[in-house]
There are 2 protein chains.
Amino acid sequence: MRHEVAPLRHGTMRERNLAVVLGEIARRQPVSRARLAEATGFTKTTVSSLVASLAGAGLVREDGPVRDGERGRPATAVSVNGDRVAGLGLEINVDYLAACVLDLGRRIRHRHIVAADNRDRAPERVIAALTGLAARAIAAAGEQGLSVAGAVVALPGTLDQGGGRLRSAPNLGWDDVPAGELLDAGLPALPLAADYDNEANLAALGELWFGDGPALGSYVHVSGEIGIGAGIVVDGRVFRGAHGFAGELGHVVVEPGGSPCACGGRGCLEQVAGQEAILRGAGIAAVTATSSASPDGPLSALVARLERGDERALTAVRRAGEALGQALATAVNLLDPDTIVLGGIFSGLAPWARPATEAALADGAGLVRRSPPRLTVSRLGGDAAALGAASLVVERVLDDPSRLVTRC
Amino acid sequence: MRHEVAPLRHGTMRERNLAVVLGEIARRQPVSRARLAEATGFTKTTVSSLVASLAGAGLVREDGPVRDGERGRPATAVSVNGDRVAGLGLEINVDYLAACVLDLGRRIRHRHIVAADNRDRAPERVIAALTGLAARAIAAAGEQGLSVAGAVVALPGTLDQGGGRLRSAPNLGWDDVPAGELLDAGLPALPLAADYDNEANLAALGELWFGDGPALGSYVHVSGEIGIGAGIVVDGRVFRGAHGFAGELGHVVVEPGGSPCACGGRGCLEQVAGQEAILRGAGIAAVTATSSASPDGPLSALVARLERGDERALTAVRRAGEALGQALATAVNLLDPDTIVLGGIFSGLAPWARPATEAALADGAGLVRRSPPRLTVSRLGGDAAALGAASLVVERVLDDPSRLVTRC
DNA sequence: TTTAATTAGTCCAGGTCGCGTACGAATTAA
DNA sequence: TTAATTCGTACGCGACCTGGACTAATTAAA
């Protein structure tokens, strides 16, 4: 099975070269055409032509003359134009909906989170609520002179590759919902087709652009919520496996023969370190659909107990951290990342869980590599996936601006 | 961190298009230029020009007229020329050296395995022996009119990305050996630079071209020897992780708190299902460097006991199979492959180990995906990695023939 | 047997796009 | 004011794909 290689004609060449120059501008802005020519290897002529196309599409802007070196004619700096094109990120999660708009400079231009218990609500109604949010976001963007190029939607469950069909979302109580179709029907037409992805994958991308950034290298981002997922990012791209189900960290077995899990296995990580398991272990009543109207009610109760030194809570959280470290050690042996990022509930519990996680990680992923990977804690809030989704739109535009450049 | 996108000039376009046409020829051979034009979307003119370049380099051959449809002028079929260019695969392993030559049609033109206990032998001497094998292989290819385009070397240990520095090869007793440099010095100059990779990765590729082929989809290939490694192949390409250490299946923990492992952990898969552990469990004396002059001496002893129904041996092998299944379930949850391929010692032990492996796999990797991946057993012999290495050279030529095409 | 239809491959003009050199523009140093 | 330096553009060139016309080789029908 060979990786499909597409025929290259002049048009494709131009498209790719637009992306090359735009990428270089994004990386070095503000930057002169002369520097771009040096950096890319193109001639100044070619750079000028490409920049002109990009400027025509509003993707790039001239910033006026800038003295670069000591002598000679001053350069006209070119930068990514953050005031014309934007990306829309949407998220459906268990207890909220979120939308955010990012301009091409990845500045947040609009951000709206609506608390709402979506468990066992009809998918159609939830999706209608989301498209409403989307319409308001697009309008808000418009008021700032931004036109939205495309949207990506984060969904909390396993998706069929491509179509955006939500195969199962246990925490939502949804099963085999054609979320992609429903959303395609409800969203306005945009230059780029809408895309759908797992919440864990997009939260991981959010970390790349709004967390520690490129310093992360290749990393595994744990998004612990009621379930535990992991987004695997290699070289700036999400690793999805053959069918898009890669990164199911929650069902790595950490206690062979342990308590049964809904997945059919026994001793899965989720049974030890999932939100419900931790709360149960800490002696806090399990959350029911009705009792959790306030988003992190039970979690803040847990944190309160931890802060006051409650032994039972500490033990439960430490055990969860240890189990997480064991599962992560396995992931490190198989995936060899530079960094592990703890997100979701684990970022809030990190002060108490992290030592155990780090110890277990060092234990299990020691000598094969030189050293275990760095362990960092996410500083992102609940809508990390929406941010990641919007970032993905921005990345798509930067990676292939040709869709927005008028052919001449 | 954006994926580096290289500027595209006319030359690059031509290079890529040569690869497109050559790939299509390889996929459909024998095939007419007219069909190629349809399949690729190029005009007939362009196809003719590209085919002429490829033919000039000896990569492709005209096969004479062939009646394709019912009416009309008969086509001249074009095929990959298997008689001019070849790839060389080399392998250093614990108890043998191997070389093989593959023509562009992936037919084996030369194959030589030399049994030799390389444990604790000086790296320089082993590498000198291998370059001797290589010289003979290149000569044998020459006698058949084949010129060797490049070589890939399989090494049994963890490698630094790129340079071919062997960081550690515990089963060889080698530590931080500049294998790449030594081999570069000893091998004759070839059009393509020599490359180095882990034995497990290359054995996995061997499976792709000499085992079940594309039907495997994305897969994890287990190469159990004294250590246990896994080659992860997604979309026809090896997944290496950030530093090239991905796929260390042997150090996945299957018995938390179990027996200590050289890696610093406890209860690693290798401690339960590695060759030494199985032999110990079956009551067969552990292998020492001197006692294993005959390659699979102790293993065939084990198989003999299994065939005669020895309880102790059966128990050890079943336990190993079960542990392997547990580790693989974890790998499935994280990597989401289509298929698992059992290679190395596990292919010989499959009749006894497989049921336990399959059960454990189904247990741990059940409901998150629709079903656990297919489990198959490799039919390849010991030099799977050498075959994979030579295949990789062939794949490189097919993926980028421009190096061999004389610029005009 | 001739004629029309059909399919394969080549030839030649044309268009796109990057390359290279030359040149004008804008600025600093002498 | 003049020379040096650097930036960006203009214009001709060459690489390479496109498209239509043309030749070649064969089958089906008249």
Side-chain angles (χ1 to χ4, degrees), chain A residues 5-21 24-25 28 30-56 60 62-78 402 405-408, chain B residues 5-21 24-25 28 30-56 60 62-78 402 405-408:
Chain A
V5 187
L8 235 51
R9 42 289 299 286
H10 288 118
T12 331
M13 180 162 80
R14 181 85 178 170
E15 286 171 15
R16 291 273 312 262
N17 287 343
L18 284 169
V20 169
V21 169
E24 213 63 39
I25 293 172
R28 305 166 178 255
V31 60
S32 69
R33 293 170 230 259
R35 289 293 140 277
L36 287 171
E38 270 177 30
T40 58
F42 289 127
T43 60
K44 290 186 287 175
T45 314
T46 304
V47 169
S48 284
S49 157
L50 291 166
V51 167
S53 290
L54 292 169
V60 138
E62 293 205 347
D63 273 343
V66 167
R67 221 175 331 291
D68 193 41
E70 292 300 297
R71 285 195 285 277
R73 173 179 166 180
T76 55
V78 175
S402 63
V405 172
T406 9
R407 291 230 138 287
C408 56
Chain B
V5 188
L8 233 53
R9 41 289 300 282
H10 290 122
T12 330
M13 181 162 81
R14 180 87 179 168
E15 286 172 14
R16 290 272 311 263
N17 287 343
L18 283 168
V20 169
V21 168
E24 214 61 39
I25 293 172
R28 305 165 176 256
V31 60
S32 70
R33 291 168 232 258
R35 290 292 141 278
L36 286 171
E38 270 177 31
T40 58
F42 289 127
T43 60
K44 291 184 290 176
T45 313
T46 305
V47 169
S48 285
S49 156
L50 291 166
V51 167
S53 290
L54 293 170
V60 138
E62 292 204 349
D63 271 344
V66 167
R67 223 176 330 290
D68 192 41
E70 292 301 295
R71 284 196 286 277
R73 171 179 167 179
T76 56
V78 176
S402 62
V405 173
T406 11
R407 289 232 139 284
C408 55

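Below, chain A is the first sequence line, B the second, and so on; all start at residue 1.
- Between B:Ser48 and C:dT10, a side-chain N or O to OP1/OP2 separation shorter than 4.0 Å is present.
- For A:Leu18 and C:dT16, the CG to P distance is 16 Å, given to the nearest whole Å.
- If you check distances only, the side chain of B:Thr45 does reach the base of D:dG19 with a donor-acceptor pair under 3.5 Å.
- B:Ser49 comes within 4.0 angstrom of no nucleic acid atom, judged by non-hydrogen atoms across all strands.
- Taking 4.0 angstrom as the limit, B:Asn17 places a side-chain polar atom (N or O) nearer than this to OP1 or OP2 of D:dC17.
- Set against C:dA8, C:dG18, D:dG8, the side chain of B:Arg35 has C:dA8 as its closest nucleotide.
- Counting to the nearest Å, the C1' atom of D:dT23 and the NZ atom of B:Lys44 are 11 Å from each other.
- Within the structure, a side-chain polar atom (N or O) of A:Arg9 is placed less than 4.0 Å from OP1 or OP2 of D:dT18.
- Residues B:Thr46 and A:Arg9 bring no donor and acceptor atom of their side chains to less than 3.5 Å of each other.
- On a pure distance criterion of 3.5 Å, no polar donor-acceptor pair joins the side chain of A:His10 and the base of D:dC17.
- In this entry the distance linking CE of B:Met13 with C1' of D:dG14 reads 12 Å, nearest Å.
- Partners of B:Thr40 according to the side chain to side chain donor-acceptor pair (under 3.5 Å) rule, which considers only residues two or more places apart in sequence or in another chain, do not exist here.
- In the interface, the side chain of B:Arg73 is paired with the base of C:dA8 through a donor and an acceptor atom under 3.5 Å apart.
- Toward the 5' end of DNA chain D, the nearer of the two residues A:Ala34 and B:Thr43, judged by each one's closest nucleotide, is A:Ala34.
- A close approach under 4.0 Å does occur between a side-chain nitrogen or oxygen of A:Arg14 and OP1 or OP2 of C:dG18.
- Regarding A:Leu8, its CG atom lies at a distance of 12 Å from the P atom of D:dC16, rounded to whole Å.
- The shortest distance between the side-chain N/O atoms of B:Thr76 and the OP1/OP2 oxygens of C:dG9 is below 4.0 Å.
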